[in-house]
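Residue numbers start from 1 in every chain, and the chains themselves are labelled A, B, ... in the order their sequence lines are given, proteins ahead of strands.
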Amino acid sequence: MNPDGGGSSSSPPPPSPSRGADAEAKEEEHGRKQVVVVLVGPPGSGKSTFADAVVAGSTAGRSWVRICQDTIGNGKAGTKIQCLKATSDALKEGKSVLIDRCNLEREQRADFVKLSSTLHVDVHAVALDLPAKVCISRAVSRKGHEGNLQGGKAALVVNRMLQKKETPLLTEGFSRIMSCNDDGDIKKAVDMYNALGPSDCLPSGIFGQKSKGPIQVGIMKFLKKSDTSSVEKSSGPKITLSESKPEQQNPLAKHEKVEDGMSCPMEVEKGLNDKNENEKHAKECDSDDVGSCTLAFPSISTADFQFDLDRASDIIVDTAADFLQKFDNIRLVLVDLSEKSRILSLVKEKASKKSIDCSRFFTFVGDITQLHTKGGLRCSVIANAANWRLKPGGGGVNAAIFSAAGESLHHATKKCADALRPGTSVVVPLPSISPLHQREGVTHVIHVLGPNMNPMRPDYLKNDYIKGSKILREAYNSLFENFASIVRGHMGKQNGKLGAEMSASGGTSPNDTKMKREDSHGSERMKKHKLLPPIMTAKQQHEHTKANTPNYHDKSMTSSAAPNQAREGDTKKSGVVASKTWGSWARTLYELAMHPEKYKNTDSILETSDEFIVLKDLYPKAKKHVLVISRTDGLDSLADVKKEHLPLLRRMHSAGVKWAHKFLEEDASLVFRLGYHSVPSMRQLHLHIISQDFDSTSLKNKKHWNSFTTPFFRDSVDVIEEIEQHGSATANSDEKILAMELRCHRCRSAHPNIPKLKSHIANCKSSFPSHLLQKNRLVSS
DNA sequence: GTTCTAGAAC
DNA sequence: GTTCTAGAAC
């Protein structure tokens, strides 16, 4: 760390901040260069001490004022408004200002930046990035605090605040940002401001941000015993070696020690990841059938930022074991390049202790982009340890996969998503022109993003391994779930072919078609209730279907009320765990699509044709929200859609576009998006046409929001293209996607709850994310 | 899908 | 005390 100029993470600072001629003239007139220093740090990080030291120790004639929200209210709680007023007054008197309040979130800092810029004054951020443990200990144990934040409650407050912390950025308007990571950094920073004469200015840029932080005990774990006494205790013997040392004395030595503890031992047991085993597994998997049920995946988050290998291997083995229990006939292969891979040997060792079937979960040494040609292992799906922007490059597995797959993967990825949150994954069907598809037989790439331990990236976890482990677990679960969804799709296709063959030979009646549909409903419902039946190979599925066919025939419906009953009976009879049917409410659209004449007196139905009806959504989630509902009996969700439905889908899309244009005639400011929910709540395939204002009282919860603004929403244009190319559409069926944090669909900013999100989107004028601006995904005037 | 409501979060 | 979320019931 070198706070006084030699920034560790940014380019060398320019000689002086770039500011308008106007401001320069003003400064010359006054003969001084004032500055506003916005302190950023939780309670206990030492903001007041810092500010007092600058105010008291100024040696070069600059006049400083500390503006403290805790004291500005004269006994009552102070407000930001009061602080802004005091700042403005002090600046007008020619003084420089230190803002002593937490300012951890961008929004809290914004007004101070704005005020400074209005008054043509430079604004700096000084982030007091001390370990959470230090801040908590200080906040908890201090007495007579000006804001009365002390004792046990301080620990909770600090923790809560740190969860929301947003690292200050130059784009917020700061000319200079300095991070202080320990008392040494703080002292240097204080000295620097003390030595600043009235007309001096400091170089602009970012200084002192760490690329790697010291190990910290997870904040949550630390806080589980949040009363004062246990906080004191828990910082005792349980803390790792690195933390038992005084934190501030020698940060570098501490850092090295920590890294020692983290890195893998150099001497790896020979033969742990044996080549013979590779060959054995390759043979077992050397068929298309098995290959189509095999996922090859790299270890997530362990390469670049050294997520603890021991914990990571536990998580891999746990999640894989759980997953294999739920599904038969699926294979998971952990791949790493080196025979000496520590993660492979750890996983292998732990898997053997768990007595997992080693033909269904094993490690493989090789290049994940050449598993078939070089390793003889067939895998139709590979996972990528992606970066959050889903961009090629960077190195490691990500660079290798994007490079091997060629430009088409990049294009295909952009269609599915433009960013990924830690702990989630996204399925990208690999176009058949991709070399990776042609050469290796890879049909899908699943991009996965694990926890991020890199402070230069969003969602940096500050070595909170409790949270990190949770996210890593989510990442693998999401990966495996998405893989299962691909395999399901594959099985569905096999089934589809089977049906077509039977039909061509005259062996099927209309009821057979119905039967297949009911079967797919069964699986859909089970998916929802997490009672997944074992996934079968195509052959087994065939046998299974045949065996159950009489039941379906017997039970096939004779009235519109029958489908639910029929399905319920079937699932019980076939010995599959019984699960809930579509609720009565979920059949509304089905009833409507089948019998629109019954509803002709309502003004909700805008259009009726043989193929579809257009309906105003009863609970619109935006100013304009209509549904184009297919009338094809048996077509309930994206999972049911096949190539034969393409003409229908195209016509539904055209109808949607037509209605969007009609609405645009009434209000040209609207922007529409057309798409399907990955897993609809209502039966009967329906296309949403929804204006992007999301201005509606019916939009009430996170699920509503995320179902229209995450990859859960599949753009109609993409669905059509995917079916053209692959014969089926992928659905992002991972339920976690609907529980994701709330982000603005335009600027992607995060918001803590629905009301705050709504007030943001009412005003957000940012342009839409780039991927939405392509391929007519948005319809506007 | 919505409504209702307990209890968590603020 | 009020706001907000999330799970159960429908």
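- The side-chain hydrogen bond (donor to acceptor under 3.5 Å, both in side chains) check on A:His653 picks up A:Ser716, with sequence neighbours excluded.
- A salt bridge does not link A:Lys736 to A:Glu474: none of the charged side-chain nitrogens sits closer than 4.0 Å to a carboxylate oxygen.
- Following rounding to the nearest Å, A:Trp585 (CH2) and C:dA8 (P) show an atom-to-atom distance of 14 Å.
- Under a cutoff of 6.0 Å and an axis angle of 45°, A:Lys662 and A:Trp659 form a cation-pi pair.
- Between the C1' atom of B:dG1 and the CD atom of A:Glu591 lies a distance of 15 Å, rounded to the nearest Å.
- For A:Lys658, the salt bridge (Lys or Arg N to Asp or Glu O under 4.0 Å) test picks out A:Glu607, with sequence neighbours left out.
- As a whole-Å value, the separation of A:Trp705 CH2 from B:dG1 C1' is 19 Å.
- Note that CG of A:Leu635 is 6.0 Å distant from CG of A:Asp640, once rounded to the nearest 0.5 Å.
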Please tabulate, one pair per line, each protein N/O and nucleotide N/O from nucleotides 2-5 of chain C that are separated by under 3.5 Å, including the distance.
residue	atom	partner	partner atom	Å
C:dT5	OP1	A:Ile754	N	2.9

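- Atom P of nucleotide B:dG1 and atom CZ of A:Phe708 are separated by 6 Å, given to the nearest angstrom.
- A salt bridge is absent between A:Lys758 and A:Asp695; no separation between the charged side-chain nitrogens and carboxylate oxygens falls under 4.0 Å.
- Heavy-atom distances under 4.0 Å link DNA chain B to no residue of residues 684-692 of chain A.
- For A:Glu666, the side-chain contact (heavy atoms from CB on, under 4.5 Å) partners two or more places apart in sequence, or in a different chain, are A:Lys624, A:Phe663.
- Residues passing the salt bridge (Lys or Arg N to Asp or Glu O under 4.0 Å) test with A:Lys80 are A:Asp111, sequence neighbours excluded.
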